[in-house]
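Reminder, nothing fancy here: chain letters follow the sequence lines and each chain counts from 1. Scope of the values below: all heavy atoms of this structure, side chains included, with no hydrogens, waters or symmetry mates.
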2 protein chains.
Amino acid sequence: MEQIKTDIEETANLFKLLGDRSRLTMTAMMNVRECCVCEFTECFGMSQPAVSQHLKKLKYFGLVNERKDGYWTYLSLNKESEFYNMIPAVIDAVPDIKEEIDVLLSKCKGGAC
Amino acid sequence: MEQIKTDIEETANLFKLLGDRSRLTMTAMMNVRECCVCEFTECFGMSQPAVSQHLKKLKYFGLVNERKDGYWTYLSLNKESEFYNMIPAVIDAVPDIKEEIDVLLSKCKGGAC
DNA sequence: TGATTAAATAAGCATTTACTTATATAATGT
DNA sequence: ACATTATATAAGTAAATGCTTATTTAATCA
């Protein structure tokens, strides 16, 4: 009974997270490969704190893992998330997203900034 | 180029729409069958204007069609929407949603209120 | 015509969201 | 030790969101 609420509500929260252009784009990029924070701030016309706050939400929800290395922080989809398996299904349903994300990823230098 | 922005942004808007428990549930219900407005107000613990406002957003986005018959208004997924094909893929990715929605739909009398 | 009914709209309100600028933290390099 | 760098946090703000209650619209029925 409570389960009924929980599953739908949790999924609604996932969609709310993805319901922002920046976070959806970040998620689609991470669906291809691990990304550095600096890649997001570089590719998007967006301030560094704004990117940081979006990533905080993704991490808090458990969708994203971080790995620190020197100056840099790398983000990737969290394979342990209960939503991990949904992500490709959801992302790949977006028309033409593959091409769009490829363009964005190639704009980023590829890692360290 | 502009296309790049548009597709992702539009999809983010779709997810934003689905990123609300009530609208996600309504959408999942309509993914099974046409529903009467009164079914939503009845099944959800929610006022009639609240339901009406959620449906307005779904209609404005083009995801949902309405059909009027006497007192009642019936809603269904709009087959002409560019997102129509995404809906089953997205909805069916939700764990256990089939069972949850079946319970909800059986709680509604099945149509006219 | 007048009452009833389903649904939409209007107006108001508290909360959330997505940003901004300024500052802090923590690792690296000199 | 000190400067530099990537990132996080804090505080503030304008706009959006999701509700509420009150009212209106439009169809049906007596």
Go through it in stages, so that I can follow the logic: the residues are A/E39 and A/K107, the test is salt bridge (charged side-chain N to carboxylate O under 4.0 Å, His left out), and I'd like the CA-CA distance, side-chain angles, deciding distance and then a yes or no. CA-CA 9 Å; A/E39 292 185 89; A/K107 271 209 241 172; over 6 Å; no

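- Rounded to whole Å, the distance from CH2 on A/W72 to P on D/dT7 is 8 Å.
- The separation between B/Y74 atom OH and C/dA6 atom C1' is 11 Å, rounded to whole Å.
- With distances taken from any side-chain atom of A/K56 to the nucleotides D/dT4, D/dT9, C/dA8, the minimum falls on D/dT9.
- When each of D/dA8, D/dT4, C/dA7 is scored by its nearest atom to the side-chain atoms of B/V37, the top-ranked nucleotide is C/dA7.
- For the pair A/G70 and A/R23, both in contact range of DNA chain C, the more 5′-proximal nearest nucleotide belongs to A/R23.
- Taking side-chain N and O atoms only, A/T73 has no distance below 4.0 Å to OP1 or OP2 of D/dA6.
- For B/K57 and D/dA16, the NZ to C1' distance is 8 Å, given to the nearest whole Å.
- Residue B/L24 contributes atom CG, which lies 16 Å from atom C1' of D/dG18 at whole-angstrom precision.
- Whole-Å rounding puts the A/E42 CD to D/dT7 P distance at 11 Å.
- Taking 4.0 Å as the cut-off between side-chain N and carboxylate O, A/E10 and A/K16 do not count as a salt-bridged pair.
- Note: CD (A/Q53) to C1' (C/dT21) measures 11 Å, nearest angstrom.
- Rounded to an integer number of Å, the gap from NE2 of A/H54 to P of D/dA8 is 13 Å.
- For B/A50, the listed nucleotide lying nearest its side chain is D/dT20; candidates were D/dT9, D/dT20, D/dA6.
- When the nearest nucleotides of DNA chain D are assigned to A/K16 and A/S52 by heavy-atom distance, the more 5′-ward of the two goes with A/S52.
- Of the candidates D/dA8, D/dG18, C/dC19, C/dC19 carries the atom nearest the A/M46 side chain, counting heavy atoms from C-beta on.
- More than 12 heavy atoms of other shown residues, nucleotides or ligands fall within 6.0 angstrom of atom NZ in A/K59.
- Applying the 4.0 Å criterion to OP1 and OP2 of D/dA8, one finds that A/K59 has a side-chain N or O inside that range.
- In this structure, of C/dC19, C/dT5, C/dT20, it is C/dC19 that holds the atom nearest to the side chain of A/S22.
- Nearest-nucleotide assignment on DNA chain C puts the 5′-proximal partner with A/Q48, out of A/Y71 and A/Q48.
- Atom pair B/L58:CG and D/dT17:C1' shows a separation of 14 Å (rounding to whole Å applied).
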